[in-house]
Amino acid sequence: MAEHLAALNPEQRMAVETLDGPVLVLAGAGTGKTRVLTTRFAHILLSGRATPHQVLAVTFTNRAAREMRERVANLLGRPVEGLWLGTFHALAARMLRRHAAAAGLSPNFTILDTDDQLRLLKQVMAAERIDAKRWPPPLLMSQIQRWKDRALSPARLGAADLAQAGDLAGGRIASLYGAYQARLKALNATDFGDLLLFVTDILRDQPDILAEYHRRFRYILVDEYQDTNLVQYLWLRLLAQASKNICCVGDDDQSIYSWRGAEIENILRFEQDFPGAAVIRLERNYRSTAPILACAAALIAHNQGRLGKTLRPGGKEAGGEKVRILSLWDQEEEARAVGQAIEDLRAEGEKLTEMAVLMRAGFQTRAFEERLITLGIPYRVVGGLRFYERAEIRDAIAYARLLVQPGDDLAFERVVNTPRRGVGTAALQTLHVRARADDTALTTAAGALIASGALRGRAGEGVRRLLDDLGRWRARLEAEGPVVAMQFVLDESGYTDMLKADKSPEAPGRLDNLKEFVRALADFESLQGFLDHVALVMENDENAAGDRVNLMTLHAAKGLEFDTVFLPGWEEGLFPNQRALDEGGVKSLEEERRLAYVGLTRAKKRAIILHAAHRRIYANWQDSIPSRFLDEIPEEQITRGGTAASSRRVRAPAFPPRRGLIEASAITRPAPMSAIAIGARVFHAKFGYGTVTAADDDRLDIAFDKAGKKRVLDRFVEPA
DNA sequence: GGATCGCTGATTTTT
DNA sequence: TCAGCGATCC
């Protein structure tokens, strides 16, 4: 162990060795955060202060949890068993299963995924007569989730919370929330938000249970603390109450998930929340070159309300390439520029896996995909559908859930007619009516209807067969375990045959996925354990192999690093994103800026920022103004290029340049006089007539008569 | 029960 | 522009 400690710098070492009391480690990007966390973990174990099961280690993503587990095992030189190491949700689920009764659930409760949550909410909305047209279910769902993030159960909603929700669902959102929770309980199900909400309630209300965990956990380690929401904070605080040995690692400058309920205030307030806390700053960056760090530092310095940290080069201060800013004509040219640069780097021997294109929004990937396909450069899109979100996997899961919990109505509905059993909406309606009348589950109602002969014909036959099958499969599960049982389910239900008969190009892949599904079952003792794994842990890592360029959103890139990073679309409206700005004002602008900071600090050797002067958004073309973030990075750290350089220093050409050619020097043209005043009537070639509502240097906000509000450069309009 | 038509809306996303 | 949805029709 001594050698592991010796490899750390003084601050890192302090962060590892300060074991007693609360510790906040402010770890800037690339300062060895994971190393500190894992070394600290190993140090606790090796110093004999705690056994593996006496340490609680919490992360946000499964990826981070896996990495920590591997690296701790590495440091110890052996795999470690019995760890309480996992994501907030996985750990909360584990606790909740142990104390399910305290939350009014039985231990085999189902964890619904987003899709089921939404379907359930729609059902409840129908029952509550809330118009789903007027009030989009996803919008209401997100309000409910935000409340759960803040530990607000329906009973705990205050006047202020209701006021903030406004007239959502016609002012009946609170009762909708209550009805939704009641429905979940009736189904013996929870959604993701409930896991932490319920566990926190139990710990708070049941001192004996809390005491048990106090005895158990001597040390708590938390990763990415800046991303925690209020329930997660409460949960941690309860657990840390006795020992006070909680160590949170995070970076306020990388808080980019406020829209998901994360509260940056948690990290900003740490010293008040945990009195006597030691705060340790890690500022030596071992990842990026000096110019990249200088740009990132200058950019993030524009934010207010930071804890304050300055990244500095940690090791060899050798120069390094300046950050490149490329100004292009439109998005196609932007994609061509990136493609060209990738080819050049590849020719120089750089690996494709060490290159990434990081963008603000998912739709931006398309242009790059098309270009890379044309060039024949392999790429991978990170993100997208996860394994368990695929239709066939969700179907298989629904069957499994039905085996574990016959009363799982959502699962029943999903599979009752997949594969086709002649059970249409009419038959399902009959089942629902009966279930509601008897206050039973759909399966029970189905049994009753068949026994009484009320459900006959094709649908009756189909339902009867399904009920018989389910009984037989449950017996198989009992006798022969999950793998055999699920194989029977897929074969005897006709699911496999259905896919074999399917001529669509996706069908073979779906069959493969199901094989993988059954294979994965083998690692689990119980179907229940497997279902938890699938809901909370299972990821999609296909096409992870091979030398490929990475395409992903900036959000997805957090925690990763690449030699070369391309940052396209740095334009006002896209990045910073206009919608974020409209919704959240300065706070959102700062979050956008943190996102830019995250993007830049992913780069080890070089960063290339791009922006296009014109972008097609939906049907029409829009003029784009370079992102204000470009003005916030120091001129001496950058080089400029591209065909349409159009910053305030170098302006865009009035006409398209020859397409497909990236010239070293920009075509320039003198700055026009901004003779257009607020309130002036103007004409724009694409948007028509409008009135200027605001002006900032050469950027004009114009309310167009037909095209709505837009922000354009003054040289694109003329006085009307 | 499935195909077809038209409308709508379109950041970020983990668990 | 274009996908995804619900409503409508066969």
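Model, not experiment: these values are computed from the prediction. Basis for what follows: all heavy atoms, side chains included, without hydrogens, waters or symmetry-related copies.
- The local environment of CZ in A:R98 is crowded, with over 12 non-hydrogen atoms from other residues, nucleotides or ligands closer than 6.0 Å.
- Across all strands shown, A:Q232 has no heavy atoms under 4.0 Å from either base or sugar-phosphate atoms.
- The side chain of A:T553 places an N or O atom within less than 4.0 Å of a non-bridging phosphate oxygen (OP1 or OP2) of B:dT13.
- With hydrogens and angles ignored, a donor-acceptor pair closer than 3.5 Å exists between the side chain of A:R360 and the base of B:dT12.
- Taking atom CG of residue A:L195 and atom P of nucleotide B:dT14, one finds them 16 Å apart after rounding to whole Å.
- A salt bridge does not link A:E590 to A:R306: none of the charged side-chain nitrogens sits closer than 4.0 Å to a carboxylate oxygen.
- Remark: A:D223 engages A:K33 in a salt bridge, criterion side-chain N to carboxylate O under 4.0 Å.
- What separates NE2 of A:H89 from P of B:dT14 is a distance of 11 Å, to the nearest Å.
- Of the candidates B:dT11, B:dT13, B:dT15, B:dT11 carries the atom nearest the A:A361 side chain, counting heavy atoms from C-beta on.
- Each of A:R420 and A:A556 has a nearest nucleotide on DNA chain B; the 5'-most of these lies closest to A:R420.
- Using C1' as the reference atom, B:dT14 and C:dA3 are 24 Å apart when rounded to the nearest Å.
- In this structure, CG of A:D194 is placed 20 Å from P of B:dT14, rounded to the nearest angstrom.
- What separates CG of A:D227 from P of B:dT12 is a distance of 17 Å, to the nearest Å.
- One interatomic measurement links the two molecules: CG of A:N229 to C1' of B:dT13, which rounds to 14 Å at whole-angstrom precision.
- Following rounding to the nearest Å, A:R66 (CZ) and B:dT14 (C1') show an atom-to-atom distance of 14 Å.
- At whole-Å resolution of the value, CZ in A:R394 and P in B:dT15 are 16 Å apart.
- When the C1' atom is compared between B:dT11 and C:dG6, the two are found 25 Å apart, to the nearest whole Å.
- B:dT12 has its base stacked against the ring of A:W259, the centroids being under 5.5 angstrom apart at an interplanar angle below 30°.
- Evaluation of the ring-ring contact (aromatic ring centres under 6.0 Å, His included) test over residues 571-599 of chain A, restricted to residues two or more places apart or in two chains, returns A:W570-A:F575, A:F575-A:F629.
- With rounding to whole Å, A:M552 atom CE is found 11 Å from B:dT13 atom P.
- Between A:N577 and B:dT12, a side-chain N or O to OP1/OP2 separation shorter than 4.0 Å is absent.
- Here A:R579 reaches the OP1 or OP2 of B:dA10: one of its side-chain N or O atoms lies under 4.0 Å away.
- At a threshold of 4.0 angstrom between heavy atoms, the contacts of A:E592 include nucleobase atoms, whether or not backbone atoms are also involved.
- Remark: A:R260 qualifies as a cation-pi partner of A:Y257 under the 6.0 Å distance and 45° angle criteria applied to the six-membered ring.
- Distances from the side chain of A:R366 to the nucleotides B:dT15, B:dG2, C:dC2 place C:dC2 closest.
- Residue A:G193 is classed as having no contact, given no heavy-atom separation below 4.0 Å to the nucleic acid.
- Nucleic acid contact class of A:V423 (heavy atoms, under 4.0 Å, all strands): sugar-phosphate only.
- Under the ring pair (Phe, Tyr, Trp, His ring centres under 6.0 Å) test applied with A:H99, the options A:Y213, A:F109, A:F198 reduce to a single match, A:Y213.
- Both A:F363 and A:N417 lie near DNA chain B, and the one whose nearest nucleotide falls closer to the 5' end is A:N417.
- Closest to the side chain of A:R260, from the set B:dT14, C:dA3, B:dT15, is B:dT14.
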